[in-house]
Amino acid sequence: MENRKTTLDREPISSEAIRGRQNFNQVSKGHQAMKPPLWKSAWFYGTVGLASLALIVAVTNMKPSSAYDAVRTASIDKEVVHEANNQFFSEANTTMVSKKEKAKLVTVEPEISKAEEALVESTVIETNIPSLDKDLNNEDPMIEEVPVVEVKFKEKKRFKTMPNIAGVFTGKLQIDALCSAGGLSCNNGFTVYSYDIQYYNGYGDVIERVNDDKFPPFLCNKLRTYNLNQEIMITNILAKNEEGLVERLISMRIEPIF
Amino acid sequence: MAVNPVYHQSNTKLQQEAVWIEEAKEDAERFGPLYLKYHEQIFRYVYQRMDDRELAFDVTSQVFIKALSNLHKYEFRGVPFSSWLYRIAKSELYQAFRDRKARRTVNVESIHLFEMIEDIDDDDSMIHKKKLLKCISLLKEADLQLIELRYFEKRSYREIGEILEITENNAKVRAFRALERLKKQFLK
């Protein structure tokens, strides 16, 4: 061999010299240095791989079902509506109405009494709630904030007291029944004590204020003479119960017939 | 021909060695007894094949570091642990030769040469001694390994087989053929 050296009778090395060079610490350090780092070990890859797989599976399984989505959506919708209602009722100084509903706004006469004011407040709220629903559902609501009146919401003013004449609230009613009956009556223990009546008196439409629940004779004559088969409007009907609570009732539309 | 008695161990010693190995697999610090037991053998094996003493110590240390790092792969088969270490040493040696850190050296003692000459030829003159040295240096590496292991280091065929990863009979046949080639070269 070209790079081979042959040595004859080389000086032998003693066992003591060899043992003197033994160094196990050096071997241990060399072994530690040769150890692969943790991230190169199979344990590391196995553990990290399994953990990643478990995470992916967990995330995939956590996707909500369609049934859950439906329930959740319904719940969110309820929350949105509830928040909208809260926002509406919390705005005491302003009322949100659409431009289309402006004409329907109720104006409050300044001379009415405090009891009547309460009735007006209830009426305003009841008429404006539907308009809010319309505006919420409208794609082009054109909503603007219009200061109308200082309204203090009182939930307890929600009586379903209905006026009637001989059991008729609206529609056709014989003139005899209209005039001979006990006048305007209502349920819930309320008694009508005042109302406005709009009719034709031979010259034009007039509004008479009647402070009674009956139809006065002269009014019956006018109705019998000029208003058969014509609608008359009974508005601003005020009633009170035994406790003295006053309530403005819904207007009536009656067509007297012969 | 007398053989190296170090290789041959009683069953008790082999069992003790197996216990050390198992302990060292659990804790590398328990490798100490094996290191102390085989350090000199491995060093002499390495130093026999190179002329740089310091480099021989370095290679020996590297052999034990490799052994410790790969100990988990070792399986006890009823033969001394040194067989496995010799195989690692052979690998590290040739790696050192390839890296040109060390030069392949054949260290021969005169007494071994005379024994060989006796086997080859009855004449033991100095002329034959020089000629034999030259013939040895011209041997192929595989033949030289067998001559070294068998005639210079006095190892048994069983141990040679363990080191070269061949059977005992194969080691015997190969060693005979290597000697025949040396003889043919010598008598040319």
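In what follows, every chain begins at residue 1, and chains take the letters A, B, ... in the order their sequences are listed.
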Identify which of A:Gly30, A:Ser28, A:Ser15 forms the greatest number of heavy-atom pairs closer than 4.5 Å to chain B.
A:Ser15

Neighbour count above 12 (heavy atom, 6.0 Å) for B:Phe176 CZ
no

Are any of the side-chain heavy atoms of A:Ile13 and B:Phe43 separated by less than 4.5 Å?
yes

All heavy atoms of A:Val27 vs all of B:Ser61, minimum pair found to be CG2-O, 4.4 Å

Shortest non-hydrogen contact from B:Ile65 to A:Gln26?
CD1-O, 4.3 Å

I'd like to know which of B:Ile136, B:Ile111, B:Leu133 tops the heavy-atom pair count under 4.5 Å against chain A.
B:Leu133

Relative to chain A, which segment of B:Phe64 carries a heavy atom at a distance below 4.5 Å: side chain, backbone, both, or neither?
both

Nearest-0.5 Å distance, CG of residue B:Leu138 to OG1 of residue A:Thr6
8.5 Å

Name the member of A:His31, A:Gln32, A:Arg10 that forms the most heavy-atom pairs with chain B at distances under 4.5 Å.
A:Arg10

Just verifying a value: how many Å separate A:Arg21 CZ and B:Asp58 CG, rounded to the nearest 0.5 Å?
7.5 Å

Taking all heavy atoms of A:Arg4 and all of B:Lys140, pick out the closest pair and write down the distance.
NH2-C, 4.1 Å

What part of B:Tyr47 is in contact with chain A, defined as an atom under 4.5 angstrom from a non-hydrogen atom: side chain, backbone, both or neither?
both

In the structure I gave you, are the side-chain heavy atoms of B:Arg44 and A:Pro12 within less than 4.5 Å of one another anywhere?
no

Within this structure, what is the OG1-CG distance for the pair B:Thr60 and A:Asn23, rounded to the nearest 0.5 Å?
12.5 Å

Which pairs, with at least one residue in residues 46-60 of chain A and sequence neighbours excluded, count as a salt bridge (charged side-chain N to carboxylate O under 4.0 Å, His left out)?
none

Residues at least two apart in sequence or cross-chain that pass side chain to side chain contact (heavy atoms under 4.5 Å, CB included) with B:Val173, listed by chain then number, are B:Arg177

Residues of residues 48-56 of chain B contacting chain A, heavy-atom criterion under 4.5 Å, by residue number
B:Gln48, B:Met50, B:Asp51, B:Arg53, B:Glu54

Run the side chain to side chain contact (heavy atoms under 4.5 Å, CB included) test against A:Lys29 and tell me which residues pass, sequence neighbours left out.
none

Heavy-atom pair count under 4.5 Å with chain A, highest-scoring of B:Glu40, B:Gln62, B:Glu109:
B:Glu40

Can you tell me which of B:His112, B:His39, B:Lys66, B:Lys134 forms the most heavy-atom pairs within a distance under 4.5 Å of chain A?
B:His39

Tell me if the CD atom of A:Glu242 is crowded by more than 12 foreign heavy atoms within 6.0 Å.
no

Does NZ in A:Lys240 sit with more than 12 non-hydrogen atoms of other residues, nucleotides or ligands closer than 6.0 Å?
no

Can you find a heavy atom in the side chain of A:Phe24 that is under 4.5 Å from one in the side chain of B:Glu29?
yes

Please check if the number of heavy atoms outside A:Arg253 that lie under 6.0 Å from its CZ is greater than 12.
no

